[in-house]
Each structure stands twice: as C-alpha cells, then as structure tokens.
Amino acid sequence: MKTVDFAHLPLKPGDIVLDLGCGEGRHVISAYVEGDVQSVGVDLSLDDLKITRERFVGFAEPENDAKSFGLSSASALELPFADDTFDKIICSEVLEHIPDYHCALVEIERVLKPGGLFCASVPRRWPEQICWALSEGYYNVPGGHLRIFRSNELRTEIEHLGFEHYHHHWAHALHVPFWWLKCLFWKNQDTNWLVAQYHRFLVWDLMENPALTRILEKCMNPFMGKSVVMYFRKDAKS
C-alpha cells in the first residue's frame, strides 16, 4: 500500500533514493521497482528490515546493473551518509513517532542534494484526533504516535529549512473507518467481528484493486484521507 505518488516524485535513471523509516519496505521496494535507481532503506528496527529483505527477493533484478537495493539500521537523528548524497528522500508516516522530529528534518536537509525532492507524509489531524479520543492504547504504546501534526505548521517548518512546497494530496480514506473500529474495540480488536470484516475488505481491495473502490477512495481522500502527503524541492543554492 503506497502512500507516495511517484507521479509527483519522479524517479530519474541513476537517482539515489532514501526511504527514511522504511518499515517493512513498501516504498523502498516500490522505488526500486519503479525506476533504474539506487534504492536505500533505513530503519531502527532490525525485525522490519529483515521483513523488507525477505519481501524484496521477489522483486530483485540481479541482472539489471542500472539499479541497486540496500538496507541499513540507523537513527533518523544521525544518518550515516555524507552531505548531499540523495536525489530523492521519502519519509512516510515516521515523523509522528520521533521525539525530536525537527532534528530528523535537519538531517534530511543535510543528506539531500541541492534541488533534490523530498516527500513527507503524516497522519491527517482530524481522523487522528478521533483515534486518540477513542483509545489511549492507540498512541500510548511503545513506538506509538507522539503527536498530532497540523499539516500547515509542519509544511511551514520544512519550508523554513530551505525547501519549496510544490504539491500535496491525501491518501487512504478507506482505512480511516478501520482504524476507528480498531480504536473503538481496542481491547478485543483481534477477535472483534466488525474489525475482522473490515480488514478482510481492505485485503480484498489491495489484492483485487477494483475500479469502484479506487474511484470511491479518490473522491473521499480530500475529505477524510488518513494521511496528508506533501512534496518539497530543496533550494538548489543550498
């Protein structure tokens, strides 16, 4: 399930792409598949990186010398890369988990090349507020969400680091009711019938990708998309 739309983060042959907080690999693998790029995923969780490596096996193109794939365990606050290393950086659904997220943004600016593109996504404010109101367990877990962003404030903060905002959209409206149900029945979510049925629907939608739900979600996203996705260009003079 991709959050980033590569139509707005176009990959060019030879690009070096960083997926910061890559988790189980949805975007770092997608970038590798989408273009002839060097795709690099970074995450603190060794378990998630192991899952990413296992998932990547089915997509690997070992005979294609034009692309490469790599994973590293590192902190977003101290990235093990030189200044101006990457052409594109993705940081999707990560900043809400980091205590000092501003330091992570500074690191992103440091390792992104002048003129490079950066995509950040975070949970949208009002659906997230309902999740927090329905269940303390939703956010009060190890590695959980530490804050609810106002997207305009986050956008301004990123712009002040030397970025120009050029596009934004919303994503995953169909997932909002699922998370509300999980929060409503937090203590027995694993056995709740409603949660299970909605999860079956989401899996079916992901696997079958029917036109009807794609159109429905596209229409719903501006009103109740779970994620806000913002695209920036770093000042070419930086």
Side-chain angles (χ1 to χ4, degrees), residues 1-98 101 103-113 116-123 143 145 158 163 167-169 171-172 175 206-207 209 226-234:
M1 183 186 69
K2 290 191 298 182
T3 302
V4 175
D5 185 345
F6 286 107
H8 305 298
L9 195 78
L11 302 177
K12 298 179 180 179
D15 273 354
I16 308 175
V17 182
L18 172 64
D19 182 7
L20 180 56
C22 65
E24 297 181 355
R26 55 178 173 161
H27 289 117
V28 67
I29 294 175
S30 294
Y32 175 90
V33 172
E34 292 267 347
D36 290 334
V37 301
Q38 298 180 49
S39 189
V40 180
V42 167
D43 203 282
L44 272 178
S45 171
L46 292 175
D47 290 337
D48 283 351
L49 291 174
K50 181 179 178 181
I51 292 172
T52 299
R53 175 62 67 184
E54 293 170 350
R55 289 181 172 176
F56 171 69
V57 171
F59 298 94
E61 301 177 33
E63 297 179 359
N64 188 348
D65 295 333
K67 58 174 65 184
S68 65
F69 184 86
L71 299 172
S72 177
S73 177
S75 168
L77 308 185
E78 193 173 357
L79 293 172
F81 307 109
D83 296 358
D84 305 336
T85 294
F86 296 97
D87 300 283
K88 311 283 162 55
I89 295 180
I90 297 165
C91 188
S92 179
E93 311 302 298
V94 173
L95 296 174
E96 66 272 15
H97 297 275
I98 301 176
Y101 75 91
C103 182
L105 291 174
V106 171
E107 276 290 89
I108 288 169
E109 190 279 332
R110 180 183 69 80
V111 301
L112 184 63
K113 294 178 181 178
L117 304 183
F118 167 44
C119 178
S121 76
V122 295
H145 295 185
I158 294 172
F163 289 88
H167 187 71
H168 71 272
H169 61 80
H172 312 316
H175 287 250
L206 179 64
M207 300 302 295
N209 196 30
K226 190 177 191 303
S227 299
V228 56
V229 192
M230 297 178 285
Y231 300 82
F232 301 87
R233 180 177 290 104
K234 181 178 172 179

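Nothing here was measured: the structure is a model prediction, and the numbers come from that model.
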K.L.:
Under a 3.5 Å distance rule, please check whether Ser72 uses its side chain to pair with a backbone N or O of Ala74 as donor and acceptor.
P.N.:
no
K.L.:
I want to check something: taking the side chain as every heavy atom from C-beta on, are Leu9 and Phe118 in contact at a cut-off of under 4.5 Å?
P.N.:
no
K.L.:
Using 0.5 Å steps for rounding, measure from the CG atom of Leu79 to the CG atom of Leu18.
P.N.:
6.5 Å
K.L.:
Are the side chains of Phe56 and Val28 in touch, meaning some heavy atoms are under 4.5 Å apart?
P.N.:
no
K.L.:
Under the salt bridge (Lys or Arg N to Asp or Glu O under 4.0 Å) rule, what pairs show up with a residue in residues 48-59, not counting sequence neighbours?
P.N.:
Glu24-Arg55
K.L.:
Quick one: do Lys113 and Asp84 make a salt bridge, cutoff under 4.0 Å?
P.N.:
no
K.L.:
Walk me through it: do Asp19 and Val42 pass the test side chain to side chain contact (heavy atoms under 4.5 Å, CB included)?
P.N.:
CA-CA 6 Å; Asp19 182 7; Val42 167; over 6 Å; no
K.L.:
At what distance, to the nearest 0.5 angstrom, does OG of Ser39 lie from CZ of Phe59?
P.N.:
12.0 Å
K.L.:
Compare all side-chain heavy atoms of Ile89 with those of Val111 and state whether any distance is below 4.5 angstrom.
P.N.:
yes
K.L.:
Does Thr52 have any side-chain hydrogen bond (donor to acceptor under 3.5 Å, both in side chains) partners at least two apart in sequence or in another chain, and if so, which?
P.N.:
none
K.L.:
Tell me every residue that passes side-chain hydrogen bond (donor to acceptor under 3.5 Å, both in side chains) with Arg233, counting only those two or more places apart in sequence or in another chain.
P.N.:
none
K.L.:
Taking salt bridge (Lys or Arg N to Asp or Glu O under 4.0 Å) as the cut-off, I'd like each qualifying pair that reaches into residues 38-47, sequence neighbours left out, listed once.
P.N.:
none
K.L.:
Do you know which two heavy atoms are closest between Ala31 and Leu11, and how far apart they sit?
P.N.:
O-CD1, 3.6 Å
K.L.:
Working to the nearest 0.5 Å, report the span between CG of Leu105 and CG of Leu95.
P.N.:
5.5 Å
K.L.:
Who passes side chain to side chain contact (heavy atoms under 4.5 Å, CB included) against Ser30, sequence neighbours left out?
P.N.:
Lys2, Phe6
K.L.:
With side chains defined as the heavy atoms from C-beta onward, is the minimum distance between Phe81 and Val40 less than 4.5 Å?
P.N.:
yes
K.L.:
Partners of His145 by ring-ring contact (aromatic ring centres under 6.0 Å, His included), sequence neighbours excluded?
P.N.:
His97, Tyr138
K.L.:
Do Ile98 and Leu77 have side chains that get closer than 4.5 Å, going by heavy atoms?
P.N.:
yes
K.L.:
Working to the nearest 0.5 angstrom, can you tell me the gap between Leu71 CG and Cys22 SG?
P.N.:
5.5 Å
K.L.:
With the side chain counted from C-beta on, respond yes when Val94 and Tyr101 share a heavy-atom pair under 4.5 Å apart, and no when they do not.
P.N.:
no
K.L.:
With sequence neighbours left out, what residues match Ser227 under side-chain hydrogen bond (donor to acceptor under 3.5 Å, both in side chains)?
P.N.:
Glu93
K.L.:
Do Leu117 and Pro10 have side-chain heavy atoms sitting under 4.5 Å apart?
P.N.:
yes
K.L.:
Tell me every residue that passes side-chain hydrogen bond (donor to acceptor under 3.5 Å, both in side chains) with Asp65, counting only those two or more places apart in sequence or in another chain.
P.N.:
none
K.L.:
Partners of Ile16 by side chain to side chain contact (heavy atoms under 4.5 Å, CB included), sequence neighbours excluded?
P.N.:
Gln38, Phe86, Asp87
K.L.:
With the side chain counted from C-beta on, respond yes when Asp5 and Val229 share a heavy-atom pair under 4.5 Å apart, and no when they do not.
P.N.:
no
K.L.:
Would you please name every residue forming a side chain to side chain contact (heavy atoms under 4.5 Å, CB included) with Lys67, sequence neighbours left out?
P.N.:
Tyr32, Asp36, Glu61, Asn64
K.L.:
What I want to check is whether the side chains of Ser121 and Thr3 have a donor and an acceptor closer together than 3.5 Å.
P.N.:
no
K.L.:
Only counting residues at least two apart or in another chain, list the ones meeting side chain to side chain contact (heavy atoms under 4.5 Å, CB included) with His167.
P.N.:
His8, His169, Tyr231
K.L.:
Sequence neighbours excluded, which residues qualify as ring-ring contact (aromatic ring centres under 6.0 Å, His included) partners of His27?
P.N.:
none
K.L.:
Verify, without hydrogens or angle tests, whether Lys88 (side chain) and Cys119 (backbone) share a donor-acceptor contact under 3.5 angstrom.
P.N.:
no
